[in-house]
Amino acid sequence: MTELKQRILTAVQKPARYTGGEWGEVKKNLSDVRVRVAFCFPDTYEIGMSNLGMRILYGVMNQMDGIWCERVFAPWGDMEAEMRRHSLPLWALESQDSVRDFDMIAFTIGYEMAYSNILNMLDLAGVPLHAKDRKGLKNIVFAGGVCAFNPEPLAEFIDFFSLGEGEDSTVEIVSLYDRAKAEGWDKETFLKEVSKIPGVYVPSFYRHEYNEDGTLKAIVPQNGAPETVTKRIVEDLDNAYFPTEMIVPSTEIVHDRANLEAFRGCIRGCRFCQAGFSCRPVRKKSPEVLYRQAVETLEHSGNNEITVSSLSTSDYRGLKELTDELIPYCAENKVNLSVPSLRADNFSRELMEKLQTVRKSGLTFAPEAGTQRLRDVINKNLTEEEILNTCSQAFSGGWNNVKLYFMLGLPTETDEDVLGIAELVYKVIQAWKENAVNKKRGLRVHVATAYFVPKPHTPFQWEKQITPQEYLRRCKLLKSHFYSKSIVYDYHSPDLSRLEAVFARGDRRLGPVIETAVKNGARLDGWDEYFNYAKWYDAFRQCRIEEDFYTTRGYGEDEILPWDTIDVGVTKRFLKRERHRAYEGQVTPDCRHGCAGCGANCLLKEVACDA
């Protein structure tokens with residue numbers, strides 16, 4: 001580390017964010033390295049180091065011969081100010097070398113409001129923002145993650161996108177680059193060849209044409225690119241790479257614990273949930289493999305906490321078998337075992353009592369809607385009786401705190417549905433009064449409402465988003481019906497969710513908006529300390545783009561959608577059918593009660609598909 005960096009570190013918060021040198025990081029001899037990859041997470045160190053996907057792909061690339069992958073995170077505001085003041089370019093942690101010295105620059109994107117950080121990080125690195133301005137093979141920029149399922153707002157900045165799960169495709173991509181570099185290809189040749197890898201989308205190979213009303217007229221493939229690009233999946237999770245020899249952070253991170261991934265995908269089919277559709281089909285690990293990975297991870301890292309995670313952990317059929325093995329090991333080694341993402345319809349008091357033998361922490365459930373009618377619309381497959389029975393079980397077992405999450409602005413929602421949230425909360429309070437075994441501690445019901453954001457590749461991808469003013473009206477209506485001191489109610493300013501909706505369903509015309517906002521000072525938009533809607537508002541006005549076009553307008557079912565080039569395995573025919581069932585109030589049973597024909601099983605080599 002240079003003397004300048006050392007001097008700067010004494011003037012910023014959490015300097016360990018920028019030093020590297022952690023236990024478990026990968027260091028390689030540059031004389032043995034042919035390709036260097038700067039793996040960028042467009043948020044701070046403590047967020048990025050909590051991301052399991054980044055840890056997996058870091059390990060996958062560093063297992064490759066001649067390839068060295070290093071980590072890069074977005075600096076906090078104080079560090080960025082020092083870097084710009086001293087003309088110090090963004091660097092990677094392992095070598096402390098500048099990002100602009102790397103062959104490939106990879107981003108993993110899980111949240112639309114990280115888009116400003118991507119551009120800001122490229123700018124801090126001294127790398128041209130626009131793909132067309134990066135000549136040759138140096139600084140090839142590619143990206144993946146859930147936001148890549150609508151890549152268009154970032155199309156002019158990213159050379160190509162890797163869609164879906166990257167354990168296999170990343171190896172193919174980096175291996176192709178290794179060959180291209182050795183044989184002296186130009187950039188155009190490399191992009192043509194990389195576009196032939198299944199799951200790779202090269203935005204410059206597609207021309208978008210627009211109608212006079214601003215809607216898409218056509219998406220025209222060029223240079224031999226396919227009409228649609230299908231995401232990649234890993235079929236055999238038991239034998240897929242998993243980082244049991246994990247990096248141990250040298251400063252506290254958001255999820256400062258070991259993490260087990262029980263399965264991928266979700267059986268439920270909640271109609272608002274992008275992950276529930278885009279991560280299909282369901283594939284699981286065996287309890288035996290999970291137990292081995294847990295022990296290896298804990299022994300290597302020294303963590304005193306481990307989490308079993310997935311989109312809906314209590315749907316994992318091997319959960320009892322796994323926890324029966326893990327709980328004695330964790331008790332013997334003084335390790336805390338947690339199982340989040342529980343559902344109210346399969347809550348196990350017995351399991352929770354085993355996990356929380358000393359102190360009953362709070363429980364969290366997401367009914368999402370206050371009335372059964374609206375829960376049926378969104379296909380939550382959860383009844384009021386199940387919610388209240390679960391809370392009653394918990395209260396009779398000694399729990400006194402519960403968090404309930406809801407959304408406002410869901411399709412077909414009325415004021416009656418909004419007030420149904422208050423009615424449900426009071427029924428939960430009544431359940432505590434009738435079942436609690438420790439009433440001296442009192443009850444706390446934490447209620448939180450989010451502003452519904454329509455997401456691509458869901459049955460609600462065509463829906464209108466209610467206006468911010470209407471969202472706030474519904475928040476105030478709900479708040480006015482909370483009279484109990486046991487209730488804590490939180491709702492956030494709608495500005496962030498409005499922007500999230502714009503970029504979730506946006507097209508290529510948003511690129512200049514992002515660039516302008518970054519020039520205006522937008523960055524770290526996921527943090528309350530930095531998010532400033534005025535900077536984005538000014539950017540939209542300067543670029544003559546109306547946010548309402550992507551939010552309150554909604555989309556027609558026959559309209560060409562910006563993300564129609566991307567195939568996540570779930571057919572548009574199925575999504576339309578689910579949308580129609582929503583308006584009819586019809587529920588679709590989860591996958592265990594029979595295949596609904598979404599199409600995702602077609603991604604599996606050995607499973608017949610009749611979608």
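Quick caveat: nothing in here was measured; it's all calculated off a predicted structure.
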| task | Give a yes or no on this: more than 12 heavy atoms of other residues, nucleotides or ligands lie within 6.0 Å of atom NZ of K572. | result | yes
| Does Y530 have K535 sitting over its ring (NZ/CZ under 6.0 Å from centre, angle to axis within 45°)? | no
| said: Holding to side chain to side chain contact (heavy atoms under 4.5 Å, CB included), I want the full list of residues that pass it with T2, two or more places apart in sequence or in another chain. | reply: L4, K5
| request: For the pair K231 and D567, evaluate salt bridge (charged side-chain N to carboxylate O under 4.0 Å, His left out) and give the outcome as yes or no after the intermediate values. | output: CA-CA 6 Å; K231 74 172 185 182; D567 178 10; over 6 Å; no
| So which heavy atom on L191 is nearest to which on S204, and how close? | CD1-OG, 4.4 Å
| task | Taking atom CD of Q542 as the centre, report whether more than 12 heavy atoms of other residues, nucleotides or ligands fall under 6.0 Å from it. | result | yes
| query | Is the backbone of E94 close enough, under 3.5 Å, to the side chain of K27 for a donor and an acceptor to pair up by distance? | reply | yes
| So with a 6.0 Å cut-off around CD of E252, is the heavy-atom count from everything else above 12? | no
| Side-chain donor or acceptor of R505 paired with backbone N/O of T551 under 3.5 Å | yes
| said: With ring-ring contact (aromatic ring centres under 6.0 Å, His included) as the rule and sequence neighbours excluded, what pairs involving residues 95-119 come up? | reply: Y115-F503
| Side-chain donor-acceptor contact under 3.5 Å, S338 with T307 | yes
| field | Pair Y201 and F160, ring centroids less than 6.0 Å apart | value | no
| field | N150 (side chain) donor-acceptor with A504 (main chain) under 3.5 angstrom | value | yes
| Is there a donor-acceptor contact under 3.5 Å from the side chain of R34 to the main chain of D65? | yes
| request: Using modelled atom types only, decide if a donor and an acceptor are shared between the side chain of Y206 and the backbone of P226 within a distance under 3.5 Å. | output: yes
| request: Examine distances only and state if a side-chain atom of R264 and a backbone atom of R283 form a donor-acceptor pair shorter than 3.5 Å. | output: no
| For the side chain of R134 and the backbone of L129, is there at least one donor-acceptor N/O pair under 3.5 Å apart? | yes
| query | With the threshold set at 4.0 Å, does a side-chain nitrogen-carboxylate oxygen contact exist between D101 and R36? | reply | no
| said: For K135, is there an ion pair with E188 - N to carboxylate O distance below 4.0 angstrom? | reply: no
| said: Using every non-hydrogen atom in the two residues, find where A258 and T297 come nearest and quote the distance to one decimal. | reply: CB-CG2, 3.6 Å
| field | Side-chain donor-acceptor pair present, W185, E193, cut-off under 3.5 Å | value | no
| message | Show every ring-ring contact (aromatic ring centres under 6.0 Å, His included) that has at least one partner inside residues 55-75, sequence neighbours left out. | response | Y45-F73
| For L163, does its backbone N or O pair with a side-chain atom of R232 as donor and acceptor, under 3.5 Å? | no
| task | To the nearest 0.5 Å, tell me how far E167 CD sits from N239 CG. | result | 12.5 Å
| task | Can you see which heavy atom on S497 is nearest to which on V453, and at what distance? | result | O-CG2, 3.6 Å
| Please, which pairs that meet side chain to side chain donor-acceptor pair (under 3.5 Å) have at least one residue in residues 517-527, sequence neighbours excluded? | D43-W527, E80-R523, S116-D525, N120-R523, D525-W536
| task | Check the angle between the aromatic planes of H457 and F149 and answer parallel, tilted or perpendicular using the 30° and 60° thresholds. | result | perpendicular
| request: Evaluate the side-chain proximity of F41 to V72: yes if any heavy-atom separation is below 4.5 Å, no if none is. | output: no
| task | Report, as yes or no, whether the 6.0 Å neighbourhood of atom OH on Y537 holds more than 12 heavy atoms from other residues, nucleotides or ligands. | result | no
| said: If the threshold is 4.0 Å, N to carboxylate O, is there a salt bridge linking R498 and E500? | reply: no
| message | With a 4.0 Å cut-off on N to O distance, would you call D123 and R84 a salt bridge? | response | yes
| message | I'd like to know if R55 and E245 make a salt bridge, using a cut-off of under 4.0 Å between side-chain N and carboxylate O. | response | no
| Whether N532 side chain and A534 backbone form a donor-acceptor pair below 3.5 Å | yes
| said: My understanding is that only residues two or more places apart in sequence, or in another chain, count here; which of them pass salt bridge (charged side-chain N to carboxylate O under 4.0 Å, His left out) with R292? | reply: E296
| field | Test log, rule side chain to side chain donor-acceptor pair (under 3.5 Å), inputs D178 and S175 | value | CA-CA 5 Å; D178 190 9; S175 296; over 6 Å; no
| Is the shortest side-chain N to carboxylate O distance from E70 to K28 below 4.0 Å? | no
| note | Hits for side chain to side chain donor-acceptor pair (under 3.5 Å) against K14, two or more places apart or cross-chain, chain-then-number order -> E46
| Can any side-chain N or O of D159 pair as donor or acceptor with the backbone N or O of V141 at less than 3.5 Å? | yes
| Nearest non-hydrogen partners of A155 and R508, listed with the distance | CB-NE, 3.6 Å
